[in-house]
Amino acid sequence: MRRNPIKKLTLTAMITALTTLTSSFIFIPAGFAKIFPIQHLANVLTAVLLGPAYAVTQAFLVSIIRNMSGTGSIFAFPGSMIGALLAASLYRKTQSLKFACLGEVIGTGILGSLACYPLATLLLGEKAALFGFLPAFMFSSFAGAILAFILLKILLKNNYMKGFFYENSINDRRL
């Protein structure tokens, strides 16, 4: 079976567009920023369906677009990139949705938030960073991972993604 990169890029673009649009409106107010479960959902979705390169591409594009539009956060990209990479790596090694979701929670919610914590302390103050930024980042990644787990279970169980990644279906052979 041969992988179809054009279809994978198309799906990456679709996930990026949906993530960008929905995360501009659906958010958890954290006092100082908007933290987005939708981005974490997209990280896991892209990591499982497409792999590390596409997951990082999706996280990067969403971060750039949202920051340019003024609805983003400077903390979004580093945290999302770590989460997307870890989710994709764990899924590749285990083929388990639970581990992919765990990768996003550990990567973004814990490692990403801790990596961004010094900058958050400088910009927001220590109290706001400790009691606002860290819990919001962690809760957001956890909520997004749960949503992703449910959505992926539905997509994969009912074979909605069957044939998306491969060109050599019966119809393609006839053409």
Side-chain angles (χ1 to χ4, degrees), residues 3-28 30 32-94 97 99-124 129 133-134 136-149 151-152 155 161 164-165:
R3 293 195 182 274
N4 187 331
I6 293 174
K7 288 183 179 180
K8 291 177 93 170
L9 285 169
T10 302
L11 186 56
T12 304
M14 287 169 53
I15 293 171
T16 299
L18 287 170
T19 304
T20 304
L21 290 170
T22 55
S23 65
S24 296
F25 301 103
I26 302 169
F27 61 90
I28 299 168
F32 55 85
K34 297 173 184 176
I35 309 294
F36 302 90
I38 299 298
Q39 175 62 58
H40 304 294
L41 181 154
N43 286 351
V44 179
L45 193 68
T46 317
V48 169
L49 296 177
L50 302 170
Y54 295 94
V56 172
T57 300
Q58 177 273 140
F60 176 74
L61 289 173
V62 170
S63 179
I64 292 295
I65 294 166
R66 291 196 54 251
N67 276 292
M68 286 177 66
S69 69
T71 60
S73 162
I74 58 170
F75 307 115
F77 176 62
S80 285
M81 185 178 71
I82 296 168
L85 272 173
L86 195 54
S89 299
L90 286 176
Y91 183 74
R92 276 204 167 165
K93 289 185 185 213
T94 64
L97 290 181
F99 278 98
C101 294
L102 184 64
E104 172 60 22
V105 172
I106 292 170
T108 300
I110 298 172
L111 299 177
S113 63
L114 291 176
C116 296
Y117 179 72
L119 182 59
T121 302
L122 284 173
L123 296 176
L124 308 168
F133 173 80
L134 285 178
F137 222 86
M138 290 177 189
F139 175 77
S140 176
S141 66
F142 184 71
I146 289 173
L147 290 172
F149 182 81
L151 179 60
L152 282 164
L155 287 174
M161 302 309 293
F164 190 90
F165 301 110

Novice: How far apart are the closest heavy atoms of A42 and T19, and which atoms are they?
Specialist: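 Smallest heavy-atom distance, with atoms named: CB-OG1, 3.1 Å.
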Novice: Where is the tightest heavy-atom contact between F142 and V105, given as atom of each residue plus distance?
Specialist: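 The pair with the smallest heavy-atom distance is CA-CG2, 3.9 Å.
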Novice: Kindly compute the distance separating CG (N43) from CD (Q39), expressed to the nearest 0.5 Å.
Specialist: 4.5 Å
Novice: Name every donor-acceptor pair, under 3.5 Å, that has one atom in a side chain of residues 83-93 and the other anywhere in the protein, sequence neighbours excluded.
Specialist:
| unit_1 | atom_1 | unit_2 | atom_2 | d |
| --- | --- | --- | --- | --- |
| S89 | OG | L85 | O | 2.8 |

Novice: To the nearest 0.5 angstrom, please state how far the NE2 atom of H40 sits from the CG atom of L45.
Specialist: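 H40 NE2 to L45 CG: 14.0 Å, rounded to 0.5 Å.
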Novice: Closest approach of G107 and I82, non-hydrogen atoms and distance?
Specialist: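 Smallest interatomic distance, heavy atoms only, reads O-CG2, 3.2 Å.
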Novice: Taking only residues two or more places apart in sequence, or in another chain, which ones meet Y54 in a side chain to side chain contact (heavy atoms under 4.5 Å, CB included)?
Specialist: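 Y54 satisfies side chain to side chain contact (heavy atoms under 4.5 Å, CB included) with P5, K8, L9, T12, T46, L50 only.
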Novice: Between C116 and F133, what is the shortest heavy-atom contact and its length?
Specialist: CB-CZ, 3.6 Å
Novice: Quick one: pull up OG1 in T20 and CD1 in I15 and give me the separation to the nearest 0.5 Å.
Specialist: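 Answer rounded to 0.5 Å: 11.5 Å.
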Novice: Measure the spacing between CZ of F60 and OG1 of T16 and express it to the nearest 0.5 Å.
Specialist: 11.0 Å
Novice: Would you please name every residue forming a side chain to side chain contact (heavy atoms under 4.5 Å, CB included) with A148, sequence neighbours left out?
Specialist: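 Listed in chain order: L41, V44.
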Novice: For the CG atom of L152 and the CG atom of L97, what is their distance to the nearest 0.5 Å?
Specialist: 5.5 Å
Novice: Over all heavy atoms of both residues, which pair between I6 and T10 is shortest? Give the atoms and the distance, please.
Specialist: O-OG1, 2.7 Å
Novice: To the nearest 0.5 Å, tell me how far L123 CG sits from L119 CG.
Specialist: 4.5 Å
Novice: Under the side chain to side chain donor-acceptor pair (under 3.5 Å) rule, what pairs show up with a residue in residues 108-120, not counting sequence neighbours?
Specialist: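 Passing the test, one end in residues 108-120: E104-T108.
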Novice: Would L11 and K7 satisfy side chain to side chain contact (heavy atoms under 4.5 Å, CB included), going step by step from the backbone distance to the final call?
Specialist: CA-CA 6 Å; L11 186 56; K7 288 183 179 180; over 6 Å; no
Novice: Of all residues at least two apart in sequence or in a different chain, which pass the side chain to side chain contact (heavy atoms under 4.5 Å, CB included) check with L122?
Specialist: none
